[in-house]
Asks: 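Would you mind keeping the following structure in view while I ask a few things?
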Amino acid sequence: MIDINMTIVAQILNFLILVLILKFVAYKPVMKMLKEREEKIARSIDAAEADEQKAKELLAEYNKQLADARIKAQEIVDKAMKRAQEERDASVAETRREIEQMRKAAKEDIARERERAAMQLRGEMVALSMQVAGKIIAANMDNKTNEKLVSDFIDQLDKDKMGGLPC
C-alpha cells in the first residue's frame, strides 16, 4: 500500500498554495488581458464591418454620380449634335436663298440683255427699213406700194422674231 508521509502532504500543500498564488497572480491578469483582447478584436471587427458598409455606400454613390455624369455628357453631345444639324440646315437654307437670288439676278440680267438686244434689233430694223425705203424710192413706186412693202417687211421681222427676241 501507499505510505502517506509528511513529504507528500507538504508537496500537495505546496502545490495547492502554488495553484492559488498562480490563480491570483497570473491566471486572473492573463484572463483579464485575454478578455480585453477579445473585446478589442470584436470592436475592430465591428468597425471594419461599419467601414465596409460605408465603403459600399460611397461606391454606390460614386457609381450613381458616374451614371449621372454619363447621362449629362450624352445630353451635351446630343445638344451639340442637334445644334450642329440646325446650323448645317440654316447654312444650307442660306446657300439655297443665295442661289435663288443669283438665279433671279441672272434672269433679270438676261431680261435686260434681251431688251437691249431687242432695242438694237429695232434700231437695225429702222436702218433696214430706211434701206428698203431708199430702194423703194429708187424704184419709183407709188405710195400705196411703198407702204405695203414697208409693212410687209416689218410684219416679216415680227414673225421671224430675229434671234428669238420679241420686236
Side-chain angles (χ1 to χ4, degrees), residues 28-167:
K28 279 190 178 183
V30 168
M31 290 307 283
K32 182 180 176 186
M33 184 180 68
L34 288 176
K35 184 73 171 171
E36 288 173 357
R37 177 88 170 134
E38 182 181 344
E39 289 172 359
K40 184 178 176 184
I41 291 172
R43 283 193 306 270
S44 294
I45 290 173
D46 290 342
E49 288 174 350
D51 289 345
E52 181 183 12
Q53 183 62 31
K54 195 174 195 180
K56 285 180 181 178
E57 290 171 1
L58 284 174
L59 179 63
E61 178 70 24
Y62 290 142
N63 285 338
K64 183 180 180 229
Q65 289 176 356
L66 182 61
D68 290 344
R70 284 182 180 152
I71 289 171
K72 286 181 182 179
Q74 187 62 41
E75 288 174 357
I76 290 170
V77 167
D78 290 344
K79 284 180 184 178
M81 295 281 282
K82 183 178 178 185
R83 187 174 183 188
Q85 183 65 33
E86 288 172 354
E87 288 176 4
R88 182 182 156 274
D89 292 345
S91 176
V92 167
E94 178 67 21
T95 303
R96 285 185 179 157
R97 187 183 60 76
E98 288 174 2
I99 289 171
E100 190 58 38
Q101 285 178 346
M102 286 181 194
R103 278 189 192 150
K104 188 176 181 182
K107 284 181 181 179
E108 290 172 359
D109 286 346
I110 290 170
R112 277 194 300 274
E113 285 297 316
R114 182 175 281 173
E115 187 64 33
R116 189 177 62 78
M119 291 298 286
Q120 271 184 336
L121 191 59
R122 283 187 188 123
E124 289 177 16
M125 188 173 71
V126 167
L128 288 174
S129 295
M130 294 300 283
Q131 281 180 344
V132 169
K135 286 182 183 181
I136 291 172
I137 291 174
N140 255 342
M141 296 186 171
D142 63 9
N143 260 349
K144 192 168 188 172
T145 306
N146 289 340
E147 287 177 13
K148 183 172 184 336
L149 281 174
V150 170
S151 179
D152 287 345
F153 180 72
I154 290 174
D155 287 342
Q156 183 64 30
L157 286 177
D158 280 343
K159 286 181 184 174
D160 292 342
K161 290 186 183 178
M162 295 181 117
L165 299 174
C167 292

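Being a predicted model, the structure only gives us computed values, none of them experimental.
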Asks: With a 4.0 Å cut-off on N to O distance, would you call Glu61 and Lys64 a salt bridge?
Replies: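 Salt bridge absent between Glu61 and Lys64.
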Asks: Do Arg83 and Glu87 sit within salt-bridge range, that is, some charged N less than 4.0 Å from a carboxylate O?
Replies: yes
Asks: Does some side-chain heavy atom of Arg112 sit less than 4.5 Å from a side-chain heavy atom of Arg116?
Replies: no
Asks: Check Lys54 with Glu57, please: is the shortest side-chain N to carboxylate O separation under 4.0 Å?
Replies: no
Asks: Just verifying a value: how many Å separate Asp46 CG and Ile41 CD1, rounded to the nearest 0.5 Å?
Replies: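 That separation rounds to 12.0 Å.
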Asks: Atom CG in Asp68, atom CG in Asn63: separation rounded to 0.5 Å?
Replies: 11.0 Å
Asks: Could you state the interatomic distance from CZ (Arg114) to NZ (Lys107), rounded to the nearest 0.5 Å?
Replies: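 The CZ atom of Arg114 sits 11.5 Å away from the NZ atom of Lys107.
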Asks: Judged by atom type as modelled, is there a donor-acceptor pair below 3.5 Å linking the side chain of Thr95 to the main-chain atoms of Ser91?
Replies: yes
Asks: Ion pair present between Arg103 and Glu100, side-chain N to carboxylate O less than 4.0 angstrom?
Replies: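 The answer is yes: the pair qualifies as a salt bridge.
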Asks: Any chance you could measure Glu113, atom CD, to Gln120, atom CD, to the nearest 0.5 Å?
Replies: 9.0 Å
Asks: I'd like to know whether Lys40 forms a side-chain contact (heavy atoms from CB on, under 4.5 Å) with Glu36, so could you lay out the CA-CA distance, the side-chain angles of the two residues, the decisive distance to 0.1 Å, and finally the verdict.
Replies: CA-CA 6 Å; Lys40 184 178 176 184; Glu36 288 173 357; over 6 Å; no
Asks: Just verifying a value: how many Å separate Ile99 CD1 and Met102 CE, rounded to the nearest 0.5 Å?
Replies: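 Ile99 atom CD1 to Met102 atom CE measures 7.0 Å (nearest 0.5 Å).
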Asks: Start with the C-alpha gap between Arg70 and Gln74, add the side-chain angles, then the distance that decides, and say whether side-chain contact (heavy atoms from CB on, under 4.5 Å) holds.
Replies: CA-CA 6 Å; Arg70 284 182 180 152; Gln74 187 62 41; over 6 Å; no
Asks: For the CD atom of Glu115 and the CD atom of Glu108, what is their distance to the nearest 0.5 Å?
Replies: 14.0 Å
